[in-house]
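Encoded as structure tokens, the structure appears first; notes follow it.
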Amino acid sequence: MAENNIIDTIHYDQGGELIEVANENGVGLNRPATRKEIHTKGLWHRAIIVAIVNDENKILIQKRSKTKEKFPGLWDLSTAGHVHFGQDSISCAVTEIMEELGYMLPKKVGVQDFRFMGSFRNQLSLSDTFIENQFYDFFIYNLNVPLADIHIQKEEVEEVRYATIFEIKEMADQGLFHPRTEWIQILYRYIARF
């Protein structure tokens with residue numbers, strides 16, 4: 001109980017979500033830090049990206065809000081987010097889908113529903129005070145989500161739509177996608193099997 005109080009104090013005193021600090025190999029150090037501290041100091045941490053793929057092999061993509069701190073107005077995968085302190089990547093993926101897309105997943109969502117496609121390192125320095133050192137866990141979630149059932153979180157997402165992997169590749173080539181695009185070839189190989 002005392003540990004939770006300490007975490008709550010850090011959370012409220014410094015503001016923002018708590019993220020688990022990782023080492024340069026992506027292993028969590030069981031140490032919380034605020035989002036601001038993570039990015040100011042360039043601390044390693046984990047994040048998730050999820051491609052929601054429907055039965056037509058189209059991928060749900062989102063346009064990032066123009067108010068986002070990084071890469072505003074660019075397109076991105078279905079959902080992405082930092083893994084919070086005390087959270088695993090799967091529960092983070094579920095949370096981000098529900099928060100950003102406002103879509104309630106079925107009650108019986110399990111680990112087996114999220115196909116883990118790999119993890120990769122991403123380093124990016126946007127300024128002297130914003131350094132992104134992340135490990136992305138990439139998941140594919142096969143789900144038919146009607147666009148009418150999505151209720152976007154306006155602070156995070158401007159719009160959503162479905163796109164083919166070829167459209168996504170073209171958008172990325174034109175600089176319309178978040179520059180973290182290592183997942184495109186992995187997703188292409190996955191879809192090409194069907």
Side-chain angles (χ1 to χ4, degrees), residues 26 39 45-83 89-106 109 111-126 130 132-194:
H39 292 132
H45 57 287
R46 295 202 83 78
I48 57 94
I49 52 174
V50 179
I52 294 176
V53 180
N54 69 13
D55 286 345
E56 297 175 348
N57 282 332
K58 290 187 176 178
I59 301 101
L60 183 69
I61 59 174
Q62 64 160 276
K63 191 171 190 182
R64 296 166 66 84
S65 167
K66 290 180 180 149
T67 61
K68 290 286 283 181
E69 189 176 19
K70 61 180 184 175
F71 308 113
L74 291 183
W75 287 91
D76 204 348
L77 267 179
S78 310
T79 193
H82 290 98
V83 178
S89 293
I90 297 282
S91 61
C92 177
V94 170
T95 300
E96 291 296 330
I97 288 169
M98 292 191 298
E99 284 180 2
E100 290 185 3
L101 303 178
Y103 184 78
M104 291 303 292
L105 294 173
V109 174
V111 173
Q112 70 279 1
D113 296 313
F114 286 86
R115 182 180 297 263
F116 177 67
M117 301 304 291
S119 183
F120 51 91
R121 251 172 106 114
N122 189 280
Q123 290 185 279
L124 185 65
S125 183
L126 296 172
F130 197 106
E132 188 83 276
N133 287 327
Q134 284 185 331
F135 283 86
Y136 285 95
D137 293 333
F138 174 40
F139 296 94
I140 292 176
Y141 186 45
N142 293 105
L143 185 70
N144 291 308
V145 181
L147 292 178
D149 290 351
I150 294 175
H151 307 285
I152 57 175
Q153 183 181 26
K154 298 276 188 193
E155 301 81 26
E156 299 283 332
V157 180
E158 194 171 305
E159 67 178 283
V160 293
R161 72 179 185 90
Y162 279 100
T164 66
I165 189 64
F166 303 106
E167 290 171 317
I168 289 172
K169 173 81 169 78
E170 188 175 312
M171 292 168 73
D173 290 345
Q174 294 172 3
L176 301 176
F177 242 86
H178 187 299
R180 165 211 0 93
T181 55
E182 295 89 340
W183 52 267
I184 290 178
Q185 285 303 319
I186 297 169
L187 186 55
Y188 174 80
R189 285 192 300 272
Y190 174 80
I191 288 175
R193 298 179 328 161
F194 300 104

Between F139 and F114 the two heavy atoms that sit nearest each other are CD2-CB, 3.9 Å

List the atom of G81, the atom of C92, and the distance in Å for their closest heavy-atom pair.
-> O-SG, 4.1 Å

Spacing of CD belonging to E155 relative to CD1 belonging to I152, to within rounding of 0.5 Å | 10.0 Å

E96: salt bridge (Lys or Arg N to Asp or Glu O under 4.0 Å) partners, not counting sequence neighbours = none

Counting distance only, does the side-chain N/O of S78 pair as donor-acceptor with the main-chain N or O of L60 below 3.5 Å?
-> yes

Excluding sequence neighbours, so at least two apart, what forms ring pair (Phe, Tyr, Trp, His ring centres under 6.0 Å) with H82?
-> H39, H45

For residues 156-177, which side-chain N or O atoms pair as donor and acceptor with protein atoms under 3.5 Å away, sequence neighbours left out?
residue : atom : partner : partner atom : Å
E156    : OE1  : K68     : NZ           : 2.5
Y162    : OH   : V145    : N            : 3.3
Y162    : OH   : V145    : O            : 2.6
T164    : OG1  : F166    : N            : 3.4
T164    : OG1  : E167    : N            : 3.1
T164    : OG1  : E167    : OE1          : 3.4
E167    : OE1  : T164    : N            : 2.7
K169    : NZ   : D173    : OD1          : 3.1
K169    : NZ   : D173    : OD2          : 3.1

Contacts of K58 meeting salt bridge (Lys or Arg N to Asp or Glu O under 4.0 Å) (sequence neighbours excluded), chain-then-number -> none

How many angstroms lie between atom CG of L126 and atom CZ of F71, to the nearest 0.5 angstrom?
-> 5.0 Å

Pairs touching residues 135-151 that satisfy side chain to side chain donor-acceptor pair (under 3.5 Å), sequence neighbours left out | R46-D137, D55-N144, S89-D137, S119-D137, Q134-Y136, Y136-R180, N142-Y190

Sequence neighbours left out, what passes side-chain hydrogen bond (donor to acceptor under 3.5 Å, both in side chains) with Q62? Give chain and number order.
-> E100

Spacing of T181 atom OG1 and D76 atom CG [to the nearest 0.5 Å] | 10.5 Å

side-chain contact (heavy atoms from CB on, under 4.5 Å) between I186 and I184: does it pass, once the steps are laid out?
-> CA-CA 5 Å; I186 297 169; I184 290 178; over 6 Å; no

Determine, step by step, whether L143 and L105 satisfy the side-chain contact (heavy atoms from CB on, under 4.5 Å) criterion, reporting the C-alpha distance in whole Å, the side-chain angles of both residues, the deciding distance to 0.1 Å, and the verdict.
-> CA-CA 9 Å; L143 185 70; L105 294 173; 3.8 Å; yes

Side chain to side chain contact (heavy atoms under 4.5 Å, CB included) against A51, all qualifying residues, sequence neighbours excluded = V53, I59, L77, F138, I140, L187

F130, CZ: over 12 other non-hydrogen atoms inside 6.0 angstrom = yes

Could you tell me which residues satisfy side-chain hydrogen bond (donor to acceptor under 3.5 Å, both in side chains) with Q123, sequence neighbours excluded, listed by chain and number?
-> N133

Can you name the residues that form a side-chain hydrogen bond (donor to acceptor under 3.5 Å, both in side chains) with S125, not counting sequence neighbours?
-> none

Which pair of heavy atoms, one from G26 and one from F135, lies closest together, and at what distance?
-> N-CE1, 3.2 Å

Measuring from K154:NZ to S65:OG, what's the distance to the nearest 0.5 Å?
-> 9.5 Å

Identify the two heavy atoms, one from E182 and one from N122, that lie closest to each other, and give their separation to 0.1 Å.
-> OE2-ND2, 3.5 Å

To the nearest 0.5 angstrom, please state how far the NZ atom of K63 sits from the CG atom of L74.
-> 8.5 Å

Which is it for T79 and I49 under the side-chain contact (heavy atoms from CB on, under 4.5 Å) test, yes or no, and what are the steps along the way?
-> CA-CA 6 Å; T79 193; I49 52 174; over 6 Å; no

